[in-house]
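The next block holds one structure in the form of structure tokens; read it before the comments.
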Amino acid sequence: LDPKLDVTALRRRVGMVFARPVVLPMSIRANLTYGMELAGNVQSDSYEMIIERSLTQAALWEEVCDRLDEPAVALSGGQQQRVAMVRALIMNPEIVLADEPTGNLDRKNAEQAIELIINLNKDYRTSLVIVTHDVSEAVRMADRVLVLDANPGKVAQYRGGKEGLIGFFVGQVMRET
């Protein structure tokens, strides 16, 4: 690592979402304002409006609007993951890295998380790099897909456009059966 690299500046440009929900040991509100404060691209008098809009998009507002000052760790796993996703995107980073963002969620929460990723990405127009083993998730969320080979670092396939993705994955399933 280059000692001259400004890690804080880099972190402002990259959002991250992990397989297991990562919420900070603070309130729900503080989890979200922290991202905006770190990014430094939002006026503090806009925080509440942005929080409400983002939590509404995440299908969380009705569930947490009366508990914003309660600890985020008290939320269910699915709710925590959606808060973590909102925090990553609310910073308006250049790119979001998501490692199996629905991997530890039940189907209902996974569906909500996928919709959140799709909708927030449309609003924030952020590039997303998502690692997933779920073909249906890849097709729903991606404009382009890289399939990595078992040989680390080698690209086995690349497809762009929804039609190309669907055709590619249907072909993969047909070859495996």
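Annotation: side-chain contact (heavy atoms from CB on, under 4.5 Å) contacts of Tyr47 (sequence neighbours excluded): Thr33, Met36, Glu37, Val42, Ser44. Residues satisfying the salt bridge (Lys or Arg N to Asp or Glu O under 4.0 Å) criterion with Arg13, sequence neighbours excluded, are Glu94.
Note on Val131 and Ile114: separate hydrophobic clusters, where clusters join Ile, Leu, Val, Met, Phe, Trp and Tyr whose side-chain heavy atoms are under 4.5 Å apart, directly or indirectly. Under a hydrophobic-cluster definition in which Ile, Leu, Val, Met, Phe, Trp and Tyr are linked whenever side-chain heavy atoms come within less than 4.5 Å, directly or via other members, Leu105 and Val83 are assigned to different clusters. Clustering ILVMFWY residues whenever any of their side-chain heavy atoms sit less than 4.5 angstrom apart, transitively, puts Ile118 in the very cluster that holds Val86.
Annotation: the span from Phe18 atom CZ to Met85 atom CE amounts to 12.0 Å, rounded to 0.5 Å. Considering CD of Gln112 and CD1 of Ile117, their distance stands at 12.5 Å, rounded to 0.5 Å. Note: Arg82 CZ to Asn109 CG = 5.5 Å, rounded to the nearest 0.5 Å. The distance from atom CG of Asn31 to atom CD1 of Ile90, rounded to the nearest 0.5 Å, is 10.5 Å. With values rounded to the nearest 0.5 angstrom, Arg53 atom CZ is found 10.5 Å from Leu55 atom CG. Here the straight-line distance linking atom CZ of Arg29 with atom CD of Glu70 works out to 11.0 Å at 0.5 Å rounding.
Glu63 and Arg67 make their closest contact through O-NE, 3.8 Å (heavy atoms, listed as atom of the first residue, atom of the second, distance). Taking each heavy atom of Gly77 and Pro21 in turn, the nearest pair found is O-CG, 3.4 Å. In terms of heavy atoms, Gly15 sits closest to Pro93 at N-CB, 3.6 Å.
Checking side-chain atoms of Arg87 against main-chain N and O of Val22 turns up a donor-acceptor pair under 3.5 Å. Judged by distance alone, the side chain of Glu100 and the main-chain N or O of His133 form a donor-acceptor pair under 3.5 Å. Under the 3.5 Å distance criterion, the side-chain polar atoms of Gln80 are matched with a main-chain donor or acceptor of Leu75.
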TODO: Using the side-chain contact (heavy atoms from CB on, under 4.5 Å) rule, take Val129 and Val96 through it: C-alpha gap first, then chi angles, then the decisive distance, then the call.
DONE: CA-CA 6 Å; Val129 175; Val96 172; over 6 Å; no
- [ ] Could you go through the side-chain contact (heavy atoms from CB on, under 4.5 Å) check for Leu128 and Ile95 one step at a time?
- [x] CA-CA 6 Å; Leu128 293 163; Ile95 189 167; over 6 Å; no
- [ ] Would you check, one step at a time, whether the test side-chain hydrogen bond (donor to acceptor under 3.5 Å, both in side chains) holds for Arg20 with Asn104?
- [x] CA-CA 6 Å; Arg20 293 185 60 202; Asn104 287 321; over 6 Å; no
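Ser54 and Gln57 are not linked by any side-chain donor-acceptor pair at a separation below 3.5 angstrom, with hydrogens and angles left out of the test.
Val17 has its side chain within reach of Gln81: a pair of non-hydrogen atoms, C-beta onward, lies under 4.5 Å apart. Contact check for Thr102 versus Asp134: no side-chain heavy atoms found under the 4.5 Å cut-off.
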